[in-house]
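Heads up, the thing below is written out as structure tokens.
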Number of protein chains: 2
Amino acid sequence: MIMGRRWGEGRPGGRWHGELRGCGYRVTMPRQVILQVLDEAKKHLSAEDIFIKVHQIYPAIGLTTVYRTLELLVRMGLVHKFDFGDGRARYELCDGNNEMAHHHHLICTDCGRVIDYDDFTEEETELIKKTEKELAKKYDFTVRNHTIQFYGLCKKCNALKK
Amino acid sequence: MIMGRRWGEGRPGGRWHGELRGCGYRVTMPRQVILQVLDEAKKHLSAEDIFIKVHQIYPAIGLTTVYRTLELLVRMGLVHKFDFGDGRARYELCDGNNEMAHHHHLICTDCGRVIDYDDFTEEETELIKKTEKELAKKYDFTVRNHTIQFYGLCKKCNALKK
DNA sequence: TGTGTTGCTGGGAATAATTATCAATAATAA
DNA sequence: TTATTATTGATAATTATTCCCAGCAACACA
């Protein structure tokens, strides 16, 4: 039962030890805690959201470090950065290990509400994969991630218009 | 040959007279020129891009008005707002009248280059339509637009990594 | 287990896009 | 033409994000 266990797998923040070290980065407290917070989050968080949550665990954190680390994680492909059009970016752990189911977003252009959905992805996944392959060939572009967002009016705003 | 011609259809900026008035908005010079610039643009423009172009046609324009008008047009559903993750929004006329072919984006996370592509398969278009319908039903959400973006490395940046 | 190198950090200042304010202007309806 | 009032433009204010730099700490090597 112990075999195959890698260093840090028991610790919440230690899980990404390998990824960081593998890219030549140091494993620091801020990085571990930020990853932990992202992992525990059930939804996309803004930089400030992350800062506040991390601050509760590790109060010495600086906002600059949050931004710097997020940029690093995005570059590494561990984190995905979203823009919902409200002027602040959101961040989510990528679903490389099925940690978080792959999903997309419905964004209300009126109240800014964001609805996650993960229905209809079976068929979609197939198509996306195929498309990615074709794009890669045609444009010589290495796809690492994608975003699908539907914009419109949510239930409430729809009702208010009438 | 003259019948059916509505006011403003001959003028570049007058084309949207109906849309504006229909929503109870006034037809002003800034609005007409901004729409003209968006219409003539072959690609997505930032607010500043638009300001500069409009300024050449109508120098009295203020940057505030550009932002204000774009927000209005987005709310009206005439213009689509994009976020490519570089901190500035981009705007494009919607393709309601086939003016501009519907397209999606490939975004290089390294150099920020954006590639438009509009070669989707039949299949792809079908799926989107179907998904829109089902989402509308399930979440009571009126879809007015959508965005599909692939993130990754473009040809050049791919080459540099090796 | 100590120690030096150097990547990483935190705080504050700087930047840049966007939004708020408000008196002056101009599009409409009459 | 005139009155009404939406719209505008200049400036100030706001807000997310980045820059800068001296001090700190991870970790390779001993």
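The chains referred to below are lettered A, B, ... by the order of the sequence lines, with proteins before strands, and numbering in each begins at 1. Note that this is a predicted model, so its numbers are computed, not measured. Side-chain atoms are counted along with the backbone in the values below, which use heavy atoms only and exclude waters and symmetry mates.
Taking only side-chain nitrogens and oxygens, A:Arg68 never comes nearer than 4.0 Å to OP1 or OP2 of C:dC8. Regarding contacts with the backbone of C:dT19, every side-chain N or O of B:Tyr67 stays at 4.0 angstrom or more from both OP1 and OP2. Taking 4.0 angstrom as the limit, A:Arg88 places none of its side-chain polar atoms (N or O) nearer than this to OP1 or OP2 of D:dT15.
Using a 30° and 60° split on the angle between ring planes, A:His55 and A:Phe51 fall in the tilted class, from 30° to 60°. In this structure, B:His103 and B:Phe82 have parallel ring planes: the angle between them is below the 30° cut-off, well short of the 60° mark. Between B:Phe150 and A:His146, the ring planes lie tilted relative to each other; the angle falls in the 30° to 60° range.
We find that CD of B:Gln32 is positioned 13 Å from P of D:dT7, with the value rounded to whole Å. For the pair B:His55 NE2 and D:dT8 C1', the interatomic distance rounds to 14 Å; values are reported in whole Å. In this structure, A:Lys81 places its NZ atom 6 Å from P of D:dT18, rounding to the nearest Å. In this structure, A:Asp83 places its CG atom 12 Å from C1' of D:dT17, rounding to the nearest Å. If you take CH2 of B:Trp16 and C1' of C:dA27, they are 20 Å apart, rounded to a whole angstrom. For the pair A:Leu70 CG and C:dG10 P, the computed distance is 13 Å after rounding to whole Å. Distance, A:Met29 CE to D:dA26 P: 7 Å, rounded to whole Å. Protein atom CZ of A:Arg31 is 8 Å distant from nucleotide atom C1' of C:dG7, rounded to whole Å.
Looking at heavy-atom distances under 4.0 Å, B:Thr65 makes contact with a base. No engagement by A:Phe51 is indicated, since no non-hydrogen atom pair under 4.0 Å with the nucleic acid exists.
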The test is salt bridge (charged side-chain N to carboxylate O under 4.0 Å, His left out); show your working for A:Lys81 and A:Glu71 and say whether it passes.
CA-CA 9 Å; A:Lys81 181 181 182 180; A:Glu71 195 207 323; over 6 Å; no
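Position along DNA chain C of the nearest nucleotide to A:Leu63 versus A:Leu72 favours A:Leu72 as the more 5'-ward residue.
Side chain of B:Arg144 to backbone of A:Leu153: no donor-acceptor contact under 3.5 angstrom is found.
Minimum atom distance to the side chain of B:Arg21 is reached by C:dA29, of the listed C:dT9, D:dT18, C:dA29. Taking every side-chain heavy atom of B:Thr64 into account, D:dG9 is the closest of D:dG9, C:dC8, D:dA16. Comparing C:dT5, D:dA10, C:dT18 by their nearest atom to the side chain of A:Arg26 picks out C:dT5. Nearest to the side chain of A:Ala89, among C:dA17, C:dC22, D:dT17, sits D:dT17. Residue B:Tyr25 places its side chain closer to D:dT7 than to any other of D:dG9, D:dT7, C:dT18.
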